Amino acid sequence: MPLLAWFACLLALIATPAFAGTLEHGRIDAASLRGNAAGLPSARSVTVYLPDGYATAPAKRFPVLYYLTNFFEDDRAPWANNGAQALLDRAIAGKVIGDVIVVTVDCTTPAGGSWYVNSPVTGNWEDLVSRELVAWVDGRYRTLATPNSRGIAGDRMGGHGAIRLAMRHPEVFGAVYALHPIGAGPGLQTMFSRPNWQLLQDAKAFEDLRSDGFSLVFTSIFQAHLPNAARAPLFFDPPARLVGGRLEVDPALTEKLNASFFLERQVPAHAANLKRLRGFMFDWGRGDTNPDHIVSLQAFTRTLDAFGVPYEAEEYRGGWGDRHLGEDGRIYTEMLPFFARTLVF
């Protein structure tokens with residue numbers, strides 16, 4: 001073999017982890033989702049990453065990390081699109097984190113996402129993740145079935161959901177890391193300034209909204225926090241409407257929306273729960289082209305400070321959706337080390 005070819009093979013061997021985890025795909029038929037007004041299926045796909053050590057140590061039990069995805073991302077998206085399996089293999093091989101099971105679940109809706117909340121319109125997603133999914137995983141795999149060994153994380157909408165679920169269920173999840181969570185609180189622009197209200201009022205089906213991303217996103221928010229099962233086809237009570245060409249804001253519905261949706265509004269009721277967590281961390285990119293996200297997350301830290309909630313937060317150089325799943329990315333350099341030190345292995 002030529003010297004150059006031999007050297008290339010050697011480098012490939014060095015760069016490849018000594019072992020590799022496996023992915024298993026299953027389905028959960030969730031009672032939490034049955035009977036939702038929008039008619040969304042209750043059967044949801046689940047992807048489970050099992051570290052190499054799961055097969056080689058048959059008596060060992062493992063901590064579990066639940067990872068919540070962003071808009072329009074199902075359970076397979078992180079593995080199919082972002083190289084998450086290879087990254088976890090490398091992180092475990094490099095002792096960035098110990099052997100850990102990682103779980104993703106399909107929580108998508110026609111409007112993009114569930115926001116991981118209970119809604120009569122799209123289903124009870126909080127119950128699905130915090131109760132049924134955790135029980136499903138613990139019943140099928142050798143897990144360390146305690147909150148001390150159970151973490152939750154997510155990206156953008158998933159980051160919002162991770163914080164929301166952790167603050168409500170410290171008896172289930174012991175630590176939380178949110179990557180660039182959104183919906184932390186009010187920003188520079190009012191929420192009613194974003195959707196196309198004429199489009200929403202005229203829509204006969206979800207397909208009518210496909211041309212306007214903001215209208216889809218805000219439909220998902222309204223379905224989660226202002227649900228109305230009797231208002232087909234979008235199934236929400238609008239907090240504003242066009243009347244004679246002018247936008248009229250409904251103060252009562254706007255307050256209901258803000259109180260239910262914004263994470264900062266949840267802190268007073270759940271500060272004691274947040275203090276029970278073994279770890280709470282979130283981050284955001286200062287280069288996000290939507291300054292609302294930056295302003296609201298900065299304000300969120302001050303709300304946490306006011307209620308004495310321990311946390312770690314970082315504003316880093318990056319933009320909206322910069323996940324950097326390589327070895328220089330934040331999942332590898334920040335999120336996984338965070339769970340390595342906060343979860344019991």
Side-chain angles (χ1 to χ4, degrees), residues 30 32-33 36-42 44 68-75 77 104-129 154-165 178-187 189-241 250 253-254 256-263 265-266 290 292-293 296 320-321:
S32 304
L33 303 183
N36 64 81
L40 305 187
S42 60
R44 292 283 154 167
L68 307 183
T69 57
N70 189 36
F71 296 109
F72 296 108
E73 291 185 336
D74 62 11
D75 60 300
T104 55
V105 60
D106 177 14
C107 292
T108 57
T109 72
S114 65
W115 290 92
Y116 306 97
V117 303
N118 289 344
S119 166
V121 166
T122 61
N124 294 333
W125 300 93
E126 176 183 339
D127 294 347
L128 164 64
V129 176
D155 168 34
R156 290 172 286 180
M157 183 188 68
H160 177 106
I163 293 174
R164 180 176 288 270
L165 292 182
L179 295 150
H180 207 123
I182 54 180
Q189 302 179 75
T190 58
M191 290 190 35
F192 64 75
S193 68
R194 286 311 185 92
N196 182 330
W197 292 101
Q198 190 66 62
L199 182 64
L200 292 179
Q201 288 177 202
D202 294 343
K204 305 301 182 186
F206 280 103
E207 290 304 314
D208 296 338
L209 307 182
R210 297 298 177 195
S211 62
D212 186 69
F214 273 125
S215 294
L216 264 182
V217 168
F218 279 87
T219 292
S220 72
I221 295 172
F222 299 153
Q223 287 183 330
H225 298 282
L226 295 176
N228 186 335
R231 291 183 65 96
L234 302 186
F235 298 108
F236 64 80
D237 289 322
R241 65 180 67 238
D250 185 315
L253 286 175
T254 296
K256 179 181 178 182
L257 171 64
N258 292 349
S260 177
F261 176 55
F262 290 142
L263 292 175
R265 296 288 292 272
Q266 317 304 309
N290 184 347
D292 290 349
H293 300 150
S296 63
W320 166 259

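For clarity, every value in this text was computed on a predicted model and none was experimentally measured.
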Inset, instruction - Anything under 30° is parallel, anything over 60° is perpendicular, the rest tilted; go ahead and classify W115 against H160. - result: perpendicular
Inset, instruction - Provide the closest heavy-atom pair for L128 versus L33 in the form atom of the first, atom of the second, distance. - result: CD2-CD1, 4.0 Å
Legend entry - Contact summary for T69 and Y116, nearest pair of heavy atoms: O-OH, 2.9 Å
Inset, instruction - Show the numbers, then the answer: is there a side chain to side chain contact (heavy atoms under 4.5 Å, CB included) between L165 and E126? - result: CA-CA 7 Å; L165 292 182; E126 176 183 339; 3.4 Å; yes
Legend entry - Expected output: side-chain S215 to main-chain N196 donor-acceptor under 3.5 Å: yes
Inset, instruction - Please report the shortest heavy-atom distance between F222 and L200, naming the atom on each side. - result: CE1-CD1, 4.4 Å
Inset, instruction - Check for a donor-acceptor pair, side chain of D237 on one end and backbone N or O of N228 on the other, with a separation under 3.5 Å. - result: no
Inset, instruction - Would you check if the side chain of W197 reaches a backbone N or O of F192 as a donor-acceptor pair within less than 3.5 Å? - result: yes
Legend entry - Atom pair CD1/CG of I182 and N290 - distance to nearest 0.5 Å: 9.0 Å
Inset, instruction - Give the minimum heavy-atom separation between L68 and G161, together with the two atoms involved. - result: CD1-C, 3.7 Å
Inset, instruction - Supply the atom-to-atom distance L199 CG to Q201 CD, rounded to the nearest 0.5 angstrom. - result: 10.0 Å
Legend entry - Set of residues satisfying side-chain contact (heavy atoms from CB on, under 4.5 Å) with respect to A37, sequence neighbours excluded: A229, F235
Inset, instruction - Would you give the length of the straight line joining atom CZ of F261 to atom CZ of F218, rounded to the nearest 0.5 angstrom? - result: 7.0 Å
Inset, instruction - Could you tell me whether a side-chain N or O of S260 sits under 3.5 Å from a main-chain N or O of L257, the two making a donor and an acceptor? - result: no
Legend entry - Closest approach of T122 to N36 (non-hydrogen atoms, all atoms of both residues): C-CB, 3.5 Å
Legend entry - Distance (rounded to the nearest 0.5 Å) between F71 CZ and S114 OG: 10.0 Å
Legend entry - Exam field: side chain R156 to backbone H180, donor-acceptor pair closer than 3.5 Å: no
Legend entry - R241: partners by salt bridge (charged side-chain N to carboxylate O under 4.0 Å, His left out), with sequence neighbours left out: none
Legend entry - Any donor-acceptor pair under 3.5 Å from E73 side chain to G112 backbone: no
Inset, instruction - Drop me the distance from N70's CG to D155's CG, to the nearest 0.5 angstrom. - result: 5.0 Å
Legend entry - Minimum heavy-atom distance A162-G154, with the two atoms named: CB-N, 3.9 Å
Inset, instruction - Indicate yes or no for a side-chain donor-acceptor contact from N124 to the backbone of D127 under 3.5 Å, with no hydrogens or angles considered. - result: no
Inset, instruction - Dump the intermediate steps for side chain to side chain contact (heavy atoms under 4.5 Å, CB included) on R194 and I221, then the final yes or no. - result: CA-CA 12 Å; R194 286 311 185 92; I221 295 172; over 6 Å; no
Legend entry - Separation between CG of L253 and CG of N258, rounded to the nearest 0.5 Å: 11.0 Å
Inset, instruction - If a pair satisfies salt bridge (charged side-chain N to carboxylate O under 4.0 Å, His left out) and one of its residues is in residues 209-227, list it, with sequence neighbours excluded. - result: E207-R210
Legend entry - Exam field: side chain S119 to backbone Q223, donor-acceptor pair closer than 3.5 Å: yes
